[in-house]
There are 2 protein chains.
Amino acid sequence: MDTRAPAPDPAAKWVTLPSWLITQTALHAHRLVTDGLAAVDARGHHFRLLAELDRIGPVSQATLGRSSGIHLSDVVAALNELADRGLVERTPDPVDRRRNTVTITAAGRRQLRRQERRLARVQEELLAPLSLPEREQLTRLLGEVLRHHSGRD
Amino acid sequence: MDTRAPAPDPAAKWVTLPSWLITQTALHAHRLVTDGLAAVDARGHHFRLLAELDRIGPVSQATLGRSSGIHLSDVVAALNELADRGLVERTPDPVDRRRNTVTITAAGRRQLRRQERRLARVQEELLAPLSLPEREQLTRLLGEVLRHHSGRD
DNA sequence: GGAAATGGTTGGCCCGGCCAACGTTCCGAT
DNA sequence: ATCGGAACGTTGGCCGGGCCAACCATTTCC
């Protein structure tokens, strides 16, 4: 068959619903990010975890999950993959034996830099059609909406 | 354990990346839409299919999939569910026996109205923190980005 | 000392987007 | 007129990201 992503008929009225515009734009953004990260053998979770690890230093998996907004069960899985690649180290916490202390390795930091470079280019690509003030407008508005829906929902 | 959606630490620098803002806002939008539709026992695909069916009249599944931007294999599944609920009718096309002609029923149209009402309220909820001109700005900018990434990728 | 909370792990579900394979039917070019 | 390629419908499967439940070990609080 086809088989490819068909773009919906622009005449449909629902394609102008804000919820549609946002989720659809997000789909493209997600694709760009996914592809960009895949080019350095990573996925979204990997980046977020490494970035937080680099920012806040060695922590337990639970606090890492909290500060990166990733569900603990997913943290476990992603951390396994990162550890397999030697980008991260898991060592038992001597003071609290329930905990694993997770530390980013030098290789992990290098990989993080690669990912950051990649993602920077993705932003450029994503917002290509917008002028600089428009980009700022957009991020401001999105930030506003996001903040509103973050405190409580 | 927790178990709840943790919000990432706002101090992380990656939470200001446009790609993050968009996908994250989309997550909230998606939740609102999903919940709204679930309240009338529907999902996104159902709405899109019914809406297109109502707009363009009886068509084959393939063209329906194209005009609603849904992969054919997913159209089949969603159509099964709609047919089970009596919201849609599948009749073999006499002139081309490969095709099924899909028609929205009266009940389907009523259900569509319910969904539309629901979704209208979702938009309100989603954009609550924005003023009217801001909402227009946002939809304009998103539309722009979306258009840019739709021609080709 | 014992109940409750916390940490890690495993296994599973959902939605939406996608792909591959297969049988049926139709159509166009030779 | 035939025969190859294309379109149609269907099934079954994969992926990413978000989530939940259950479970055991450990620790903290009463």
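A quick note: this is a predicted structure, and the numbers were derived from the prediction, not measured. Atoms considered below: every heavy atom in the structure, side chains included; atoms not considered: hydrogens, waters and symmetry mates. A note on names: the letters A, B, ... follow the listed sequences, proteins ahead of strands, and every chain is numbered from 1.
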B/Val76 has its side chain closest, among C/dG17, D/dT11, C/dT10, to D/dT11
Ordered by number, residues from residues 122-129 of chain A within less than 4.0 Å of DNA chain C (heavy atoms) are none
Can you find a donor-acceptor N/O pair under 3.5 angstrom joining the side chain of B/Asn100 to the base of D/dC8?
no
Worksheet item: Taking atom types as they are modelled, is there a donor-acceptor pair under 3.5 Å from the base of C/dC14 to the side chain of B/Thr34?
Response: no
Residue set satisfying salt bridge (Lys or Arg N to Asp or Glu O under 4.0 Å) with B/Asp54, at least two apart, ordered chain then number -> B/Arg109, B/Arg113
Sequence neighbours excluded, the answer for salt bridge (Lys or Arg N to Asp or Glu O under 4.0 Å) partners of B/Arg135 is B/Glu124
With the side chain defined as heavy atoms from C-beta on, A/His30 is closest, among D/dG17, C/dC18, C/dT9, to D/dG17
In numerical order, the residues of residues 39-49 of chain A whose heavy atoms come under 4.0 Å of DNA chain D are A/Arg43, A/Gly44, A/His45, A/Arg48
**OP:** Before giving the answer on side-chain hydrogen bond (donor to acceptor under 3.5 Å, both in side chains), spell out for A/Trp14 and B/Glu52 the whole-Å C-alpha distance, their side-chain angles and the decisive distance to 0.1 Å.
**Re:** CA-CA 9 Å; A/Trp14 50 271; B/Glu52 279 310 282; 3.0 Å; yes
Contacts of B/Arg114 meeting salt bridge (Lys or Arg N to Asp or Glu O under 4.0 Å) (sequence neighbours excluded), chain-then-number -> none
Compare all side-chain heavy atoms of A/His28 with those of B/His148 and state whether any distance is below 4.5 angstrom.
-> no
Comparing A/Trp20 with B/Arg99, nearest DNA chain C nucleotide closer to 5' gives the residue A/Trp20
Nearest-nucleotide check on DNA chain C, A/Asp74 vs A/Arg90; residue mapping nearer the 5' end is A/Arg90
Applying side chain to side chain donor-acceptor pair (under 3.5 Å) to B/Ser60 and not counting sequence neighbours gives B/Thr63
Sorted by chain and residue number, the salt bridge (Lys or Arg N to Asp or Glu O under 4.0 Å) partners of B/Arg43 (sequence neighbours excluded) come out as B/Glu81
Under-3.5 Å N/O pairs linking protein and nucleotides 24-26 of chain C:
residue: C/dC26; atom: OP1; partner: B/Arg97; partner atom: N; Å: 2.7
residue: C/dC26; atom: OP2; partner: B/Arg97; partner atom: NH2; Å: 3.3

The side chain to side chain donor-acceptor pair (under 3.5 Å) partners of B/Arg97 (sequence neighbours excluded) come to none
### Query
With sugar-phosphate meaning primed atoms plus P, OP1 and OP2, does B/Thr23 contact a base, only sugar-phosphate, or nothing at under 4.0 Å between heavy atoms?
nothing
Residue set satisfying side chain to side chain donor-acceptor pair (under 3.5 Å) with A/Thr101, at least two apart, ordered chain then number -> none
Residues 68-79 of chain A vs salt bridge (charged side-chain N to carboxylate O under 4.0 Å, His left out), sequence neighbours excluded, gives none
Between NE2 of A/His71 and C1' of C/dG12 the distance, given in whole Å, is 12 Å
Residue pairs passing the side-chain hydrogen bond (donor to acceptor under 3.5 Å, both in side chains) test with at least one member in residues 15-24 of chain A, sequence neighbours excluded, are A/Ser19-B/Gln123
